[in-house]
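Quick notes on the structure that follows.
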Amino acid sequence: MESLGPTTVVTYDDDGYATVRARITHHPPAYEWSLVFGDIIHNYRASLDALTWAVAHLDDRDPPNPVQIQFPIATSASDWRKLNKQQWFGQLPEFIRNRLHDLQPYRLPDPANAVAAVLHKLDIEDKHHESLEISVFARSAQEMPIAFTSDEPDVIFEVESTAEYPHRPGPISDGDVVFRIKLDGRARLMEAPMLPLQLTTSLNGKTRDVWHLLRTVDAQVALTLASVESGQASPRFQMIRQEMEE
């Protein structure tokens with residue numbers, strides 16, 4: 001359980017609502033988080049490149065232009081045709097080329113937001129442009145169980161409800177209202193399994209939850225490796241390949 005602790009600002013209105021405000025005593029290490037996030041993204045991308053390097057050398061093959069070898073990610077049919085003209089790719093076993101083709105973003109309704117395309121774009125941004133930016137956002141709405149302990153001994157308010165979230169989705173600052181909730185009395189401590197906050201990054205004009213993105217990328221990469229090995233994509237794989245939005 002996480003506690004907002006004694007430094008949290010909680011005020012009470014005449015209408016019985018408790019208002020919880022953010023108390024930020026020091027700035028989150030967003031820059032350090034950005035570096036770690038970029039490393040994680042790069043490692044996922046590198047694992048797919050390592051897979052491609054391995055299959056390119058199957059049966060003691062010696063592919064030409066080995067510096068060009070990387071996991072193919074095509075967001076359009078023309079991208080795929082250009083890839084097929086590369087010598088190293090043409091020397092892959094046909095069954096491997098077919099399996100890689102089945103995984104391509106351009107075969108989905110929204111190629112730019114396919115998981116592989118998002119992974120590739122994030123990796124390019126981190127390596128060649130600037131570190132991926134991480135921000136702490138307040139959620140617009142969220143159901144969460146909350147336990148308020150009152151000033152009276154052995155009295156606990158058990159609340160499971162959708163609180164009011166006046167703060168619009170966006171970066172949160174010291175003193176911002178996190179949420180308001182109706183209580184039948186005053187509380188001296190609030191505990192919740194999670195707070196209505198999230199780490200986010202931006203790509204393609206969209207704000208994305210970092211943890212959701214990483215869980216999706218992890219599942220995508222694992223199932224991609226399995227699909228290239230077996231030639232079969234599970235129903236779960238088909239779902240994971242869809243948009244990265246939560």
Side-chain angles (χ1 to χ4, degrees), residues 1-11 18-50 112-113 115-148 163-181 187-222 240 243-246:
M1 299 285 283
E2 294 179 354
S3 171
L4 291 182
T7 61
T8 302
V9 178
V10 182
T11 58
T19 300
V20 179
R21 297 178 182 272
R23 173 59 72 221
I24 300 177
T25 57
H26 61 277
H27 291 288
Y31 178 70
E32 289 82 356
W33 290 345
S34 297
L35 295 178
V36 173
F37 179 53
D39 284 344
I40 294 172
I41 289 296
H42 176 68
N43 288 337
Y44 278 123
R45 182 67 172 95
S47 69
L48 296 179
D49 294 340
N113 283 304
V115 184
V118 169
L119 173 62
H120 180 64
K121 182 73 177 294
L122 287 171
D123 186 47
I124 293 297
E125 288 288 334
D126 185 68
K127 287 192 303 184
H128 302 299
H129 298 157
E130 57 185 357
S131 298
L132 299 174
E133 184 177 352
I134 297 290
S135 301
V136 180
F137 268 40
R139 297 181 186 271
S140 59
Q142 175 184 334
E143 289 193 3
M144 61 180 183
I146 308 169
F148 289 90
E164 295 181 7
Y165 296 83
H167 192 285
R168 294 182 179 180
I172 194 163
S173 303
D174 185 52
D176 287 347
V177 175
V178 180
F179 64 89
R180 299 176 71 248
I181 194 164
R188 61 178 174 83
L189 179 67
M190 190 210 80
E191 289 186 325
M194 62 187 301
L195 300 179
L197 304 174
Q198 62 183 152
L199 296 181
T200 64
T201 191
S202 296
L203 184 69
N204 296 336
K206 296 181 179 180
T207 298
R208 303 172 187 271
D209 182 286
V210 166
W211 296 116
H212 173 74
L213 188 152
L214 288 177
R215 286 193 299 269
T216 308
V217 167
D218 182 80
Q220 170 74 52
V221 169
I240 288 176
E243 282 191 35
M244 294 290 297
E245 291 183 359
E246 186 174 358

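What you find for Leu132 and Asp126 is that their closest heavy atoms are N-OD1, 3.6 Å. When all heavy atoms of Asp123 and His42 are compared, the closest pair comes out as OD1-ND1, 3.2 Å. Closest heavy-atom contact between Val210 and Thr200: CG2-C, 3.7 Å. In terms of heavy-atom proximity, Ala117 sits nearest to Ala112 at CB-O, 3.9 Å.
In this structure Ser47 satisfies the side chain to side chain contact (heavy atoms under 4.5 Å, CB included) test together with Val221, sequence neighbours excluded. Not a single salt bridge (charged side-chain N to carboxylate O under 4.0 Å, His left out) links Asp39 to another residue, sequence neighbours left out. Scanning for side chain to side chain donor-acceptor pair (under 3.5 Å) contacts around Asn43 gives an empty result, with sequence neighbours left out.
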**Message:** Could you walk me through whether Leu119 and Leu48 satisfy the side chain to side chain contact (heavy atoms under 4.5 Å, CB included) test, starting with their C-alpha distance in whole Å, then the side-chain angles of each, then the deciding distance to 0.1 Å, before giving a yes or no?
**Reply:** CA-CA 11 Å; Leu119 173 62; Leu48 296 179; 4.0 Å; yes
**Prompt:** Please walk me through it: do Leu199 and Asp209 pass side chain to side chain contact (heavy atoms under 4.5 Å, CB included)?
**Reply:** CA-CA 6 Å; Leu199 296 181; Asp209 182 286; over 6 Å; no
**Item:** side chain to side chain contact (heavy atoms under 4.5 Å, CB included) between Lys206 and Asn113, intermediate numbers included
**Value:** CA-CA 10 Å; Lys206 296 181 179 180; Asn113 283 304; 3.1 Å; yes
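Distance alone, capped at 3.5 Å, places no donor-acceptor pair between the Thr201 side chain and the Arg208 backbone. With Ser34 contributing its side chain and Ile134 its backbone, the two residues share a donor-acceptor pair below 3.5 Å.
One distance of note links CZ of Arg215 with CD of Gln220; it measures 15.5 Å at 0.5 Å rounding. Separating the CG atom in Leu35 from the CD atom in Glu32 is a distance of 7.0 Å, to the nearest 0.5 Å.
By the 4.5 Å heavy-atom criterion applied to side chains, Ile40 and Leu214 are counted as neighbours. The shortest side-chain heavy-atom distance between Leu213 and Leu203 does not fall under the 4.5 Å cut-off.
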